[in-house]
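Below is one structure, written out as structure tokens; comments come after it.
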Number of protein chains: 4
Amino acid sequence: MPRLKEEQLQRIYEERKRQLTSAAVKVFAQRGLPGTKISMITAEAGVSHGLFYHYFKTKEELFISLVREAVETSLKEIDDLIRLAGSPIDKIRILTEGMLDASGAPYFMLLHRARNFEEVPEEVSRLIREHPMDIYVKRLLPLFEEGQQRGEIADGDPEELIAGYLTVLSGVMVLGNGYSTPRTEWLLRFVEKR
Amino acid sequence: MPRLKEEQLQRIYEERKRQLTSAAVKVFAQRGLPGTKISMITAEAGVSHGLFYHYFKTKEELFISLVREAVETSLKEIDDLIRLAGSPIDKIRILTEGMLDASGAPYFMLLHRARNFEEVPEEVSRLIREHPMDIYVKRLLPLFEEGQQRGEIADGDPEELIAGYLTVLSGVMVLGNGYSTPRTEWLLRFVEKR
Amino acid sequence: MPRLKEEQLQRIYEERKRQLTSAAVKVFAQRGLPGTKISMITAEAGVSHGLFYHYFKTKEELFISLVREAVETSLKEIDDLIRLAGSPIDKIRILTEGMLDASGAPYFMLLHRARNFEEVPEEVSRLIREHPMDIYVKRLLPLFEEGQQRGEIADGDPEELIAGYLTVLSGVMVLGNGYSTPRTEWLLRFVEKR
Amino acid sequence: MPRLKEEQLQRIYEERKRQLTSAAVKVFAQRGLPGTKISMITAEAGVSHGLFYHYFKTKEELFISLVREAVETSLKEIDDLIRLAGSPIDKIRILTEGMLDASGAPYFMLLHRARNFEEVPEEVSRLIREHPMDIYVKRLLPLFEEGQQRGEIADGDPEELIAGYLTVLSGVMVLGNGYSTPRTEWLLRFVEKR
DNA sequence: CATGAATGAGACTTCATTCAT
DNA sequence: CATGAATGAAGTCTCATTCAT
């Protein structure tokens, strides 16, 4: 019986933590670290502000852990992409659509804010320094090289091509609302062999 | 004698105000409204924090006036561009280089932050609402249409093309450091007829 | 259980608010709006300065609400007085004693400060403009007229008599300490028929 | 020649100082020490705020010297009054009219503020302590006693009578605008023998 | 676990005072 | 002497964080 109750508590705990975390991602992505007040996160999650401190030590600590999670998730998604079946250009199309898909945007915005914007805790700077864009370029290199060999992908230095394309995709994603996101087919013109 | 003194005071006033303004643009662009502390601006300008209030009423008021200035400047630059001599594709090349030129970046970041990010004063929201991306598209429309007629610019809905290209350029510019900015010629692939 | 807790919170809230309000009346009455620092009010109430802002939006807002309350209370007290049993001169004696009674002084001082002194928020000016002394005179008019008919009250324009007496009483009350407050019977000489 | 210039400077100096002093009396009387900003005084005097410090060391120092002056002036005026020709009741009538005369009000308000209101510098408290109302009562005592002997003035303890009457007059004067000041003849009812 | 009252560090803003011109 | 730019102490206000219930 106590076992059952404990498990239930555990479940409530996890559920609440998830609730708060996803509220936090949303608000941090939109407002940044200094623009986010604890009360915004708890209001978004529909709980009292005091509850925040049952689950996280400080605002900064939460921000750091979210950035860490975003870094890990983004790397994993690249790896998953590469392991898919299909031609290189198809995979790049999937990558493009995936990045433009608004659902992943908040995590991406977090990374963007951590990388370029505002004051971030030292721990975040370190995380970002340890995961430069270069890492993503390197992981995508085999894919693009194969595409070039197949004649699907434009010629030229593949690393420069990848870096440029990731920059464009990241930029488009970061802009978000207020700008009109180009269609995938148009964006692919950057990498397709003419 | 008093005339001379008056002029000198005037000069000091203008100079200090310019000093503070450009410090503010820099810091606001980097940190956003809530991430910018008055002390950051005055430290950047090398004056005491109290002096800020001889030149501006509040932090918000300054932010608003800077956004207004950025809106006006950006419109003027588009108009200047169109009036240049040269073929459409040359003008678009100049536009591209101009937007990637880091010197204008702070003003651009301000606009970006005002458009998408954080809490902004109502006055700023209004300014942005009154100047949607659409305005820029409309002004560039004749240029792109001429380019399409000449066969320099890719076919398709020119408004969609312009909006997409502006989004790409804006995105690249907003990312700034931490990403590798693509070369102008590569970016032009988006609009060039193959 | 939650019901009980809610009630308790409610009670704490009301109690604290009352505590702060009465501290504020006291300090505002003594020092005026610009002479009152938030820290004086919170020190008087025995709480931290931050707590002030859980209960009131700003110092000015509190001042305004206190003045409004003082206006309403003073009108109500005049009405209560008139409804008492007794001869006109008896009621005027009660009015006199009531005004000299130190316990009501703080509220009265607030009104006095709002009426004549210092910079007050526009809202306060409006309140005062809408409640000129005249209102009090009009309400007391039937009482004084009856007194004149009975031969208890001095002859002459009753409105002028009332206004003059209210001025005298207000003045004496406003002076407060440092002056010797005259006895009620002596003050009544102003209105008694000889 | 240098002598002349020096004299002229001296004259300018005195004139400016007078200008500032009378502006200060006016503003201090209306707003009190904490409610008065240096800029209000200099604006009232029509000079730059920096000039204030050519003539006075600090705001407090000026306030102190004005209170001192007000104390001395008020004592002198009582003495002058007593030395006038005429019957006691006539002199009391002149005293009454003099106190109600708005021109002297600012100095009087200063005394009132020093006596009862707000935080004042220790030097001011000392001045006030050394000049309690009692001093004025004592100086007027012969006048009232003579009036009682002549049957012009109401019977009873003359010191109490004087203190009461001064309190009433002071109160009426302090109220100033917003209240209707009673006519002299009505106020005299407090002291006249019926 | 959940709530919101309470605290205090820190940011914003005002203004007395100083000082170069 | 006169001005207004400049400084910094002090007050207003916000909000992250703690804690009693």
Side-chain angles (χ1 to χ4, degrees), chain A residues 8-10 12-13 15-17 34 36-42 47-62, chain B residues 1-2 4-6 8-13 15-17 34-42 46-60, chain C residues 1-2 4-6 8-13 15-17 34 36-42 46-61, chain D residues 8-10 12-13 15-17 34 36-42 47-62:
Chain A
Q8 197 174 352
L9 282 179
Q10 185 64 19
I12 290 178
Y13 180 89
E15 168 59 10
R16 275 272 186 270
K17 184 155 186 170
T36 296
K37 301 171 200 359
I38 297 294
S39 61
M40 292 173 175
I41 296 174
T42 51
V47 298
S48 73
H49 69 268
L51 197 57
F52 183 91
Y53 294 91
H54 282 268
Y55 296 94
F56 310 104
K57 251 209 318 275
T58 67
K59 187 171 83 156
E60 290 212 337
E61 193 227 45
L62 173 56
Chain B
M1 197 72 91
L4 208 72
K5 205 169 162 190
E6 212 173 283
Q8 195 174 354
L9 282 176
Q10 184 67 15
R11 236 178 308 123
I12 289 178
Y13 182 90
E15 167 60 11
R16 273 277 181 273
K17 186 152 188 171
T36 296
K37 315 296 169 208
I38 297 291
S39 61
M40 292 172 179
I41 296 174
T42 51
V47 298
S48 74
H49 72 270
L51 196 58
F52 182 90
Y53 295 92
H54 279 266
Y55 295 93
F56 310 105
K57 261 215 297 284
T58 66
K59 189 173 80 156
E60 287 212 339
Chain C
M1 198 72 92
L4 208 72
K5 205 171 162 188
E6 211 173 284
Q8 194 174 354
L9 282 175
Q10 185 66 15
R11 236 180 308 123
I12 289 178
Y13 182 89
E15 166 61 9
R16 273 278 182 272
K17 187 153 185 169
T36 296
K37 314 298 169 207
I38 297 291
S39 60
M40 292 172 178
I41 296 174
T42 51
V47 298
S48 73
H49 71 269
L51 196 58
F52 182 90
Y53 296 93
H54 279 266
Y55 295 92
F56 311 104
K57 260 215 299 287
T58 66
K59 189 173 78 157
E60 288 213 339
E61 195 228 41
Chain D
Q8 197 174 351
L9 283 179
Q10 185 63 19
I12 290 176
Y13 181 90
E15 168 59 12
R16 275 272 186 272
K17 185 155 186 171
T36 296
K37 301 169 199 3
I38 296 293
S39 61
M40 291 173 175
I41 297 174
T42 51
V47 298
S48 73
H49 69 268
L51 196 58
F52 182 91
Y53 294 91
H54 283 267
Y55 296 94
F56 311 104
K57 253 210 318 275
T58 69
K59 187 171 84 157
E60 290 212 337
E61 192 227 45
L62 173 56

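So you know, we letter chains A, B, ... as the sequences are listed, proteins then strands, and number each from 1.
- Protein atom CD of Glu61(C) is 14 Å distant from nucleotide atom C1' of dT12(F), rounded to whole Å.
- With sequence neighbours left out, Tyr53(D) forms a side-chain contact (heavy atoms from CB on, under 4.5 Å) with Ile38(D).
- Atom pair Phe56(C):CZ and dT12(F):P shows a separation of 15 Å (rounding to whole Å applied).
- Between Met40(D) atom CE and dT14(E) atom P the separation is 13 Å, expressed in whole Å.
- Rounding to whole angstrom units, CD1 of residue Ile41(C) and P of dC13(F) are separated by 10 Å.
- Backbone-only contact: Tyr55(B) has heavy atoms under 4.0 Å from sugar-phosphate atoms and none from a base.
- Phosphate contact (OP1/OP2 of dC1(F), side-chain N/O of Arg16(D), threshold under 4.0 Å): absent.
- Annotation for Arg16(A) and Tyr55(A): closest pair CB-OH, 3.2 Å, computed over non-hydrogen atoms.
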Going 5' to 3' through nucleotides 16-21 of chain E and flagging B where a protein heavy-atom sits under 4.0 Å of the base, S where only the sugar-phosphate is that close, and - otherwise, we get SBB--B
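- Lys37(B) places a side-chain N or O within 3.5 Å of a backbone atom of Pro34(B) that can act as its donor or acceptor partner.
- Taking the salt bridge (charged side-chain N to carboxylate O under 4.0 Å, His left out) definition, one finds that Glu61(D) meets it with Lys57(D), sequence neighbours left out.
- Every residue two or more places apart in sequence or in another chain that forms a side-chain contact (heavy atoms from CB on, under 4.5 Å) with Gln10(C) is listed here: Glu14(C).
- One can place CG of Leu51(C) at 14 Å from P of dT14(F), the figure rounded to the nearest angstrom.
- For the atom pair CZ (Phe56(C)) and CD1 (Ile41(C)), the distance works out to 8.0 Å, reported to the nearest 0.5 Å.
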With both pairing distances under 3.5 angstrom for Watson-Crick or G-U wobble, and | for a partner in another strand, the correct string for DNA chain E is .||||||||||||||||||||
